[in-house]
Amino acid sequence: MANLINFFETFMSKNSIFKNKQVLQSSYIPENILHREEQLNQIASILAPALREDRPSNIFIYGKTGTGKTLSVKYTTKQLSRVADAREVPLKMCYINCKLKKVADTEYRLIATLSGLFRKKVPPTGLPTDEVYKIFFSAIDAEKSIIVIILDEIDQLVSKTGDDVLYNLTRINSELKNSQISIIGISNDLTFTDNLDPRVKSSLSEEEVIFPPYNAIQIQQILKERGRKAFKKGTIAAGVIEKCAAIAAREHGDARRALELLRVAGELADRSNSKKVMLKHLDEAEDKIERDKILEVVKSQPKQYQAIMYTLLIIKPDKKKRFFTGDVYSKYMDICSSLNLRPLTQRRVSDVLAEFDMLGLIRARVISKGRYGRTREMSMNIPDFLIPKVKLILKNSLNI
DNA sequence: CGAGATTCATGTGAAGTATACCTTTAGGCTTAA
DNA sequence: AAGCCTAAAGGTATACTTCACATGAATCTCGTA
């Protein structure tokens with residue numbers, strides 16, 4: 001006990017190198033956004049008519065991850081609704097991330113969570129989908145207002161459930177008496193619109209905004225700006241920002257990654273009682289981020305998925321080695337029987353493996369081996385140094 | 001020797017099933033007049 | 001008689017299974033040079 005009190009005391013008296021760590025969190029919205037003037041202006045001028053209670057055009061936004069799409073949209077809509085509030089213009093913004101499982105990854109759930117934002121609770125299952133539409137419909141049409149629905153990572157939704165949802169959403173306007181909705185779709189898949197129903201495509205992308213990647217210099221400026229607010233003066237060693245930017249620029253100019261890197265490096269520096277963020281902290285941070293991300297994904301998988309993941313690790317944890325669906329499935333059957341777990345069918349396992357590919361846990365592609373059939377060729381995408389740790393987690397969670 | 005047919009192992013789409021959950025309805029019980 | 005609670009009935013979404021067909025290049029077959 002005494003030890004811990006001591007620990008907390010020193011923790012508090014020890015001065016952190018952070019001034020305000022929040023600034024580096026990905027949820028943080030700075031008051032001025034660098035290098036996105038053009039995009040911000042575009043979005044703002046498209047949305048501005050909302051203040052005169054006209055329906056703004058639908059917007060389709062694309063650009064790779066970490067190019068500031070979400071940030072810019074949130075920033076604009078936040079300012080816009082501030083003005084709207086001041087002038088008592090009825091304007092409502094709904095931000096939804098379609099990637100989140102159990103939140104908005106099916107048509108039903110999307111409309112359900114949307115209704116939830118209007119204080120109309122919808123049960124997680126049981127209602128017919130059109131019933132949910134009706135609930136949503138009456139919720140938004142209850143009083144006159146302009147509603148902007150922001151669908152982040154919209155490509156995820158469509159690839160899983162098709163574009164009917166979008167069609168229904170864009171069509172809903174003609175039925176509404178009081179309100180009008182417009183949709184902002186955000187996607188980081190540039191080819192996303194290609195497989196879209198032409199009607200949906202044309203109405204969703206009445207306006208388009210493109211976010212190009214940042215270059216290394218721009219990322220540096222962003223990092224400096226945020227670093228200045230986040231860290232106390234003189235706590236960043238020379239070259240740290242530069243290296244951080246270089247690492248991120250290597251990955252198509254992903255600013256989110258750069259900021260995360262800087263934050264985690266700072267945390268590591270703090271923890272090791274260092275007075276400055278050093279270059280070595282960056283290296284450590286890179287590992288830690290990757291590790292945490294993967295461990296997080298693995299931990300949050302359902303049991304069956306974990307069993308399959310475990311099978312993959314047993315088969316060949318080597319990054320280079322290739323393996324096929326057949327190998328995986330037969331081994332998986334073994335593991336299931338030794339675990340007393342009812343095995344899924346091969347059909348299902350095939351889908352799960354495809355999902356692992358999407359999650360980046362494995363790399364997979366479908367190949368034909370000619371006379372020897374056709375299969376999914378896979379290789380592990382989890383770095384070697386993490387394998388034992390992942391294995392341990394799975395063992396724990398599967399009671400092995 | 002080369003064009004076309006064959007073959008294998010599994011991908012993939014569609015339809016069916018089990019489960020968990022929702023609303024509605026009918027019956028049974030209580031309560032108040 | 002009206003009100004309230006409970007359990008059964010009837011309905012849905014979702015995760016998974018079952019069924020059946022699609023794939024595509026290595027290999028085989030067979031006619032031809």
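Values in this document were obtained by computation on a predicted structure and should not be read as measured data.
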Length of the line joining A/Lys134:NZ and B/dC22:P, which is rounded to integer Å: 20 Å
Any A/Thr325 side-chain nitrogen or oxygen under 4.0 Å from OP1 or OP2 of B/dA9: no
Residue that, paired with A/Lys74, satisfies side chain to side chain contact (heavy atoms under 4.5 Å, CB included) out of A/Asp152, A/Ile29, A/Ile150: A/Ile29
Touch class at under 4.0 angstrom, heavy-atom based, for A/Pro343 against every strand present: sugar-phosphate
Length of the line joining A/Tyr372:OH and C/dT27:C1', which is rounded to integer Å: 7 Å
Among C/dA15, B/dG11, B/dC8, the one nearest A/Arg371 by side-chain distance: B/dC8
Spacing of A/Ile367 atom CD1 relative to C/dA26 atom P, expressed in whole Å: 10 Å
Interatomic spacing from CG in A/Asp254 to CD1 in A/Ile219 - rounded to 0.5 Å: 7.5 Å
Pairwise distance OH(A/Tyr133) to OG(A/Ser138) - rounded to 0.5 angstrom: 14.5 Å
Minimum-distance nucleotide (side-chain atoms of A/Tyr108 versus C/dA13, C/dC16, B/dC22): C/dA13
Under 3.5 Å donor-acceptor, A/Glu153 side chain and A/Asn188 backbone: no
Between B/dA9 (P) and A/Leu353 (CG): distance, integer Å: 18 Å
Separation of B/dC22 C1' from A/Glu131 CD (nearest whole Å): 11 Å
A/Leu127 side-chain proximity, nearest of C/dT18, B/dG11, B/dC22: B/dC22
A/Arg348 side-chain N/O to C/dC16 phosphate OP1/OP2 under 4.0 Å: yes
OP1 or OP2 of C/dC16 under 4.0 Å from side-chain N/O of A/Thr345: no
A/Asp130 CG to C/dT12 P, straight-line distance once rounded to whole Å: 9 Å
Selected nucleotide, minimal atom distance to A/Arg347 side chain, candidates B/dA9, B/dA14, B/dA20: B/dA14
Distance in angstrom units between A/Gln304 CD and C/dT17 P, rounded: 8 Å
Integer-rounded Å distance: C/dT23 P and A/Glu377 CD: 21 Å
From C/dA13, C/dT17, B/dT12, nucleotide with atom closest to A/Val366 side chain: B/dT12
A/Arg376 side chain near B/dA9 phosphate (N/O to OP1/OP2, under 4.0 Å): no
Minimum-distance nucleotide (side-chain atoms of A/Leu344 versus C/dT17, B/dG11, C/dT12): C/dT17
Spacing of A/Lys69 atom NZ and A/Ile43 atom CD1 [to the nearest 0.5 Å]: 11.0 Å
